[in-house]
Amino acid sequence: MAQIESTPSFVQAAYDRMATSLKVVRQRLNRPLSLAEKIVYGHLDHPGQAEILRGKSYLELRPDRVAMQDATAQMALLQFMTSGLPDVAVPSTVHCDHLIQAEVGSSPDLARANTENKEVYDFLSSVCDKYGLGFWRPGSGIIHQVVLETYAFPGGLMIGTDSHTPNAGGLGMVAIGVGGADAVDVMAGLPWELKAPKLIGVKLTGALQGWTSPKDVILKLAGILTVKGGTGAIVEYFGPGVDAISCTGMGTICNMGAEIGATTSLFPFNHRMADYLRATGRGEIAALAEGFAEHLRADEGCQYDQVVEIDLSTLEPHINGPFTPDLAWPLSKFAAAVKEKGYPEELKVGLIGSCTNSSYEDMERAASVARQALEHGVKARSTFTITPGSEQIRATIERDGQMATFTAVGGMVLANACGPCIGQWKRHDIQKGDRNSIITSFNRNFAARNDANPETCAFVASPEIVTAFVLAGRLTFNPETDPLPGADGRPFMLVPPSGDSLPRKGYDKGQATYQAPPEDRHRIDVKIDPASQRLQKLEPFKAWGGVDLTDLYILIKAQGKCTTDHISAAGPWLRFRGHLDNISNNLLIGATNAFNGAVNRVKNQLTGDYEEVPKVARAYKAAGIDWVVVGDENYGEGSSREHAAMEPRHLGGRAIIVKSFARIHETNLKKQGMLPLTFADPKDYDRLQEDDRLSILGLATFAPGVPLTLVARHADGREDWIMLNHTFNAGQISWFKAGSALNLMGGKAKQ
Ligand code: MIC
Ligand code: SF4
């Protein structure tokens, strides 16, 4: 039987390996280590030889687990299948959470998802059965909640094909979001490569008070560090304030570390984690971690590359947005900001839950706010939705009454899934194009993310604040200072939220939604209908031709924010996540063209007409013309979806040339055989013109640390010679030469 659980013996073996490796690394480095360093270096493939230079060297690591969600697992597993291996090499799970669309409520929405996505669910389920992965059926909950409840353990190293994988840092695990191709390496038994992360230490002092919650720690930090402030770094929390935060609260903080671009975030093992492990039926693992505790916290005197201090006692609740998660407003300043900036004051919808904020504590504290409204005969003035993060949370809050409170106050409970967080939301209360405000307890608020309407101003806050706001029905409400009108006309003040962090009666596991692979599984046949619109077998990308790239067109010069949501939109497009050709029809349709300020209108150099980006890309592909994308700062911020890297590759893109990249996306591009390159001088971005013909020179001697040259021939015949940097190491250069990492893998995995 395939090993899937993090059983006590599995954890013990992981600790033994870690202790042995750390002994070697300690001798070599001879300095105090931070917690992240202990866990990362404790998982080195060759602790005795690996070069360890933070921010510089590449580390080859051996993760303990892999987790995938249904929207990214399809492409990951299609790639794994091409390796020809009979089993996955490390415990791996697939979670069906992204493809369930929210419309009218939990049961009917789930039933519809089961019908609409049958083909994809059947595919995932049969692949899991055949290759020995655990399969969490639709309705079981969101990947990161289920992982926290079931698989995460202090000191472990996990990768997941979703950018919010760091949620497991709440249980002291180094959990990192990656593209599917990285997951394929690990499932195939190859080491996994990561640039040795830098370290940002966040010292927490004091204790949370009143309306302030764990979410506000990360909302505040996002304001300080911005969406790229964490790039290349692990955020490690420490200090006397840590113990005042529940384990799931730490999960929330780590989860949203993805929004500052951090590689992952992490808390030291403490009694709050032990309590959570025991409450979720993992007492033996709690005891093992207690025995291993010296390795599960930072050494005295360890050095961080940067330290930020947050005093929890004076921290205010925050509301971040719209359109970017780092626009942080303290509650006391928010009403004035709404007025000054002209954000629509009326609050249309408040949404709580998601992988970020759907713990028992979150639900309990939000319900404590809602209950006060009921006592005064008041209901929600805005539409109010509640997404439990897992079946276990749903069953527990149903048993303990929070769910009844939400419904009584007018809330609608959605399926245990991503739903509106990823644009899986059939919203009926507005028309596309209507300017309006919503507030969520989710993590991302890029334009059009939740409801495909770029005019929706989406704000992010804690579930408690979202609940208070839906009771008021407006964004200018401040529960700390403003009364609400009761049903009798008399004003009343909400008292700050309260509630248990763990259920007193224990968790109710709810319905059984897990499927273990059968004993006799190797004969299982995985079927892909060649006529399918949702699944398509992968064809290998072409190898590099051995010569410099010349006469490239610029498909688009993207201006400003260009997240993975702009490059490969989610929402309705999620249905094509297993079909590369079909999903490529969303390529860059959300990006702004710097040459005309328009979205999804670029010049087709073959005809001179302005057309949709994917259409122009296909025209170039048909004509055999290669092209590049030019972009701004932090290109590819956001999700781990490798479709954002595969689509340009599939349609004839060769290089993405930008001012700077987000980590996961940059790696995804390399894996797919693309050239992610950065301007040595960011001002060179301005030199590139719409009708330029580009050449990328120096590929014959392509080597780590050696810049490449871009020659831009302008329409008037002038040329600009521009220096381009890259972060390829030798192994990654061989991916480029082979056409993709996968092209190289088959042989290697079988060695
Ligand atoms: C997201 O929150 O953007 C997603 C959807 O979970 C993505 C994964 C995906 O695109 O499938 C992520 O964050 O990695
Ligand atoms: Fe799902 Fe949203 Fe969490 Fe992504 S951020 S895993 S879409 S709930």
Side-chain angles (χ1 to χ4, degrees), residues 67-76 94-102 120 136 138 140-148 159-168 175-180 182-183 218 251-252 254-259 261-262 264 325 351-359 362 385-390 393 414-425 440-446 448-450 458 460 563-578 583 586 590 636-647 662-665 667-668:
M68 289 167 282
Q69 39 90 340
D70 50 2
T72 48
Q74 298 172 56
M75 205 48 94
V94 169
H95 303 259
C96 294
D97 53 3
H98 279 62
L99 299 179
I100 303 169
Q101 192 182 42
V120 171
W136 288 82
S140 49
I142 307 171
I143 175 169
H144 311 302
Q145 269 298 319
V146 176
V147 165
L148 196 75
I159 60 164
T161 58
D162 189 281
S163 60
H164 294 103
T165 303
N167 190 68
I176 301 183
V178 297
D182 285 40
I218 186 64
T252 297
C254 293
N255 176 300
M256 213 185 143
E259 272 50 68
T264 191
L351 306 98
I352 65 169
S354 91
C355 65
T356 326
N357 264 133
S358 56
S359 65
D362 289 332
T385 72
I386 300 94
T387 312
S390 68
I393 294 289
L414 302 176
N416 314 322
C418 300
C421 179
I422 189 56
Q424 290 281 41
W425 186 17
T440 79
S441 74
F442 309 163
N443 40 30
R444 292 204 168 127
N445 56 358
F446 305 141
R449 175 169 171 99
N450 302 118
V460 178
T563 71
T564 44
D565 281 352
H566 297 87
I567 306 170
S568 174
W573 292 95
L574 287 176
R575 61 184 283 108
F576 298 122
R577 282 294 184 84
I583 198 161
N586 77 0
E637 159 189 356
S639 132
S640 67
R641 61 192 77 144
E642 65 200 314
H643 307 76
M646 296 178 89
E647 294 175 28
R663 173 190 62 90
I664 304 179
H665 187 61
T667 310
N668 285 347

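Basis for what follows: all heavy atoms, side chains included, without hydrogens, waters or symmetry-related copies. Nothing fancy with the numbering, it's 1 onward along the sequence. Predicted model only: the values in this text are computed from it and were never measured. Ligands are counted one by one from 1 in listed order, and the atoms in each one are counted from 1 as well.
- Ligand 2 has at least one atom lying under 4.0 Å from a heavy atom of D162.
- Protein heavy atom closest to atom 3 (O) of ligand 1, with residue, atom name and distance, is R444 NH1, 2.7 Å.
- With a heavy-atom cut-off of 4.0 Å, D162 touches ligand 1 through backbone and side chain alike.
- Two residues are said to be in side-chain contact when any heavy atoms from C-beta on lie closer than 4.5 Å; I664 and S640 meet this criterion.
- Applying the 4.0 Å criterion to heavy atoms of R449 picks out, from ligand 1, the atoms 1 (C), 2 (O), 3 (O).
- At a heavy-atom cutoff of 4.0 Å, ligand 2 is contacted by the side chain of R449 but not by its backbone.
- The shortest contact between atom 10 (O) of ligand 1 and any protein heavy atom is with R641 NE, 2.6 Å.
- Residues N443 and C355 have side chains in contact (heavy-atom distance under 4.5 Å, counting atoms from C-beta outward).
- The atoms of ligand 1 that sit less than 4.0 Å from any heavy atom of S639 are 3 (O), 7 (C), 8 (C), 9 (C), 10 (O), 12 (C), 13 (O), 14 (O).
- Atoms of ligand 1 lying under 4.0 Å from any heavy atom of A71, numbered from 1 in the order shown and given with element: 11 (O).
- By the 4.5 Å heavy-atom criterion applied to side chains, M68 and Q74 are not counted as neighbours.
- Inter-residue side-chain proximity for C421 and R449 is flagged as met; some heavy-atom pair is nearer than 4.5 Å.
- For residue C421, an N/O/S atom approaches atom 2 (Fe) of ligand 2 to within less than 2.8 Å.
- Inclusion of T72 in the set of residues having an N or O under 3.5 Å from an N or O of ligand 1 is not warranted.
- Neither the backbone nor the side chain of T356 has a heavy atom within less than 4.0 Å of ligand 2.
- Remark: ligand 1 atoms within the under-4.0 Å shell around heavy atoms of R577 are 9 (C), 10 (O), 11 (O).
- Under a 4.0 Å criterion applied to the non-hydrogen atoms of H144, ligand 2 contributes the atoms 6 (S).
- Between H98 and D162 the shortest side-chain heavy-atom distance falls below 4.5 Å.
- Atoms of ligand 1 found under 4.0 Å from any heavy atom of S640, numbered from 1 in the order shown, are 12 (C), 14 (O).
- Near H98, with a cut-off below 4.0 Å to any heavy atom, the atoms of ligand 1 are 4 (C), 5 (C), 6 (O).
- Residue contacts with ligand 2, taken as heavy atom pairs separated by less than 4.0 Å, involve H98 solely via side-chain atoms from C-beta onward.
- Using a non-hydrogen distance threshold of 4.0 Å, H643 does not register as a contact of ligand 1.
- Given atom 14 (O) of ligand 1, the protein heavy atom at minimum distance is S163 N, 2.7 Å.
- Atoms of ligand 2 lying under 4.0 Å from at least one heavy atom of H164, given by number and element, are 4 (Fe), 5 (S).
- Distance check, rounded to the nearest 0.5 Å: SG of C254 to NE2 of H164 gives 12.0 Å.
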Requested in this report: Just do the side-chain contact (heavy atoms from CB on, under 4.5 Å) check on M256 and N167 with the steps written out, would you?
Outcome: CA-CA 8 Å; M256 213 185 143; N167 190 68; over 6 Å; no
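- For ligand 2, the atoms sitting less than 4.0 Å from at least one non-hydrogen atom of N443 are 5 (S), numbered in the order shown with element in parentheses.
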Query raised in the report: Can F442 and N450 be said to form a side-chain contact (heavy atoms from CB on, under 4.5 Å), step by step?
Result: CA-CA 10 Å; F442 309 163; N450 302 118; 3.8 Å; yes
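- Contact annotation: the side chain of D97 approaches that of D70 to within less than 4.5 Å [non-hydrogen atoms, C-beta and beyond].
- Taking atom 1 (Fe) of ligand 2 as the reference point, the nearest protein heavy-atom neighbour is C418 SG, 2.4 Å.
- Closest to atom 3 (Fe) of ligand 2, if we only count protein heavy atoms, is C355 SG, 2.2 Å.
- Using a 4.5 Å cut-off on side-chain heavy atoms (C-beta onward), R577 and I583 make contact.
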Report task. Please report the C-alpha distance between N586 and S568 in whole Å, then the side-chain angles of each, then the deciding distance to 0.1 Å, and finally whether the side chain to side chain donor-acceptor pair (under 3.5 Å) criterion is met. Result -> CA-CA 6 Å; N586 77 0; S568 174; 3.3 Å; yes
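- Counting heavy atoms closer than 4.0 Å to ligand 2, residue N255 contributes nothing at all.
- In this structure, the side chain of Q145 does not engage the main chain of L148 through any donor-acceptor pair within 3.5 Å.
- Regarding atom 8 (C) of ligand 1, its nearest protein heavy-atom neighbour is Q69 NE2, 3.1 Å.
- Using the six-membered ring where Trp is involved, H566 and F446 have ring planes that are tilted, between 30° and 60° apart.
- Residues D362 and T252 are in side-chain contact: their nearest non-hydrogen atoms beyond the backbone lie under 4.5 Å apart.
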